[in-house]
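A short worksheet on the structure shown next.
FYI, side chains are in, hydrogens and waters are out, and symmetry mates aren't considered; it's all heavy atoms of this structure. This one's a predicted model, so the numbers in the text were calculated from it and none came from an experiment.
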Amino acid sequence: MSLASALLEILNLAILVVVIGFIISGYVRSPKKRHFELRERKLFDWDDFLFGVLIAAPGIVIHELAHKFLAIGFGASATFQLFPLGLALGIILRLVRSPFLILAPGFVVIGNEASISPLDMGMIAFAGPLINLVLWLVPMMVLRIRKRKLKRNVGIFLFYTSFLNMWLFIFNMIPIPPLDGSKVLLGLINALS
């Protein structure tokens, strides 16, 4: 991988983080907000943006990097690419204050797929949702075990992190192309046949 393509990938991930922070800030509020501030709805609020980045970006960025690095581990080339249409859809849904959200911000392009076994491709596909599964269950367990001992802001952060990653896991595991679930299922079917 050349330096230029590595820098482009880093730029794409940075754009992803900023856009995801903006999108999520329309659906969650920073726990720093006071009751009277919750009624005000601005197009952009710095605290809500930062909170959105903190709860959403790790699950999405690490999800994509898990695909990338596992593919590289199996000997394939892998590059993260933004999906402009998916980002635009998320921005539009946020701007029109849609009650639901669709996040499809990017994907990893895997080169020389033919050299990778179907089971390995299934594992590469599952690597991303596995990250979301961990980021769903670990905060949920911390909330259940230590809920009375957590500060309010930490509890809210853990709740939103768990909730968002639960939906990212469920959505990504739907066995419909091009979602990861279809690739996991196809990898298992091919490996077992």
Side-chain angles (χ1 to χ4, degrees), residues 9-10 12-28 31 48-74 76 78-83 85-87 89-91 93-94 98-110 119-147 150 154-188:
E9 223 173 337
I10 291 168
N12 284 340
L13 287 167
I15 291 168
L16 170 88
V17 168
V18 170
V19 173
I20 290 299
F22 174 73
I23 292 169
I24 296 298
S25 71
Y27 292 90
V28 300
D48 292 346
F49 168 77
L50 290 177
F51 188 62
V53 166
L54 285 174
I55 65 170
I60 295 170
V61 170
I62 298 170
H63 171 115
E64 296 302 336
L65 292 178
H67 291 311
K68 176 183 173 72
F69 292 124
L70 191 56
I72 290 170
F74 283 124
T79 307
F80 172 75
Q81 292 185 354
L82 284 176
F83 182 45
L85 182 61
L87 287 174
L89 179 61
I91 291 170
L93 291 173
R94 188 245 196 252
S98 169
F100 65 91
L101 174 63
I102 296 174
L103 284 176
F107 53 91
V108 172
V109 175
I110 299 173
L119 183 59
D120 291 348
M121 282 304 293
M123 289 176 20
I124 291 168
F126 186 65
L130 178 62
I131 295 298
N132 299 122
L133 182 64
V134 170
L135 290 173
W136 163 23
L137 297 178
V138 170
M140 185 176 65
M141 290 186 329
V142 170
L143 280 169
R144 287 193 177 166
I145 293 169
R146 304 201 33 101
K147 80 174 148 186
L150 293 174
V154 173
I156 292 170
F157 169 77
L158 291 173
F159 169 78
Y160 279 125
T161 298
S162 179
F163 183 77
L164 179 66
N165 280 283
M166 173 190 70
W167 284 111
L168 287 170
F169 175 77
I170 291 169
F171 179 75
N172 276 286
M173 288 306 294
I174 296 171
I176 298 172
L179 300 176
D180 294 329
S182 68
K183 297 171 190 167
V184 171
L185 182 62
L186 187 62
L188 287 173

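- The two residues Asn12 and Leu82 come nearest to each other via the heavy atoms O-CD2, 3.4 Å.
- At least one side-chain heavy atom of Ile156 sits less than 4.5 Å from a side-chain heavy atom of Phe51.
- Residue pairs meeting the salt bridge (charged side-chain N to carboxylate O under 4.0 Å, His left out) criterion with at least one member in residues 52-73, sequence neighbours excluded, are Glu9-Lys68.
- Atoms CG and CG, on Leu13 and Leu65 in that order, are 5.5 Å from each other to the nearest 0.5 Å.
- Residues forming a side chain to side chain contact (heavy atoms under 4.5 Å, CB included) with Val154 (at least two apart in sequence, or on another chain): Leu150, Lys151, Leu158.
- The salt bridge (Lys or Arg N to Asp or Glu O under 4.0 Å) search around Lys183 returns none, not counting sequence neighbours.
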Report all side-chain donor-acceptor pairs from residues 52-59 shorter than 3.5 Å, counting only partners two or more places apart or in another chain.
none

Can you give me every donor-acceptor pair (side chain of residues 161-171, partner residue at least two apart or in another chain, under 3.5 Å) with its distance?
residue	atom	partner	partner atom	Å
Thr161	OG1	Phe157	O	2.8
Ser162	OG	Trp136	O	2.8
Asn165	OD1	Asn132	ND2	2.8
Asn165	ND2	Thr161	O	2.8

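- The distance from the CD1 atom of Ile131 to the CG atom of Leu135 is 6.5 Å, given to the nearest 0.5 Å.
- Put simply, the side chain of Ile20 reaches to within 4.5 Å of the side chain of Pro105, judged on heavy atoms.
- Sequence neighbours left out, not one pair with a member in residues 50-59 passes side chain to side chain donor-acceptor pair (under 3.5 Å).
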- Determine, stepwise, if the pair Ile23 / Ile91 fulfils side chain to side chain contact (heavy atoms under 4.5 Å, CB included). CA-CA 6 Å; Ile23 292 169; Ile91 291 170; 4.0 Å; yes

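- In this view, Ser98 and Tyr27, Leu93, Val96, Phe100 satisfy the side chain to side chain contact (heavy atoms under 4.5 Å, CB included) rule, not counting sequence neighbours.
- Legend: residues meeting side chain to side chain donor-acceptor pair (under 3.5 Å) with Asp120, ordered by chain and number and at least two apart, are Ser117.
- Summarising the geometry of Gly155 relative to Leu143, their closest heavy-atom pair is O-CD2, 3.7 Å, with the distance given to 0.1 Å.
- For the pair Ala71 and Ala78, the tightest heavy-atom approach, listed with the atom from each and the gap, is CB-CB, 3.9 Å.
- Here the CG atom belonging to Leu188 is positioned 10.5 Å from the CE atom belonging to Met123, to the nearest 0.5 angstrom.
- Residues forming a side chain to side chain contact (heavy atoms under 4.5 Å, CB included) with Leu185 (at least two apart in sequence, or on another chain): Pro175, Ile189.
- Between the CD1 atom of Ile60 and the CG atom of Leu16 there is a distance of 6.0 Å, given to the nearest 0.5 Å.
- Contacts of Asp180 classified as side chain to side chain donor-acceptor pair (under 3.5 Å), with partners at least two apart in sequence or in another chain: His63, His67.
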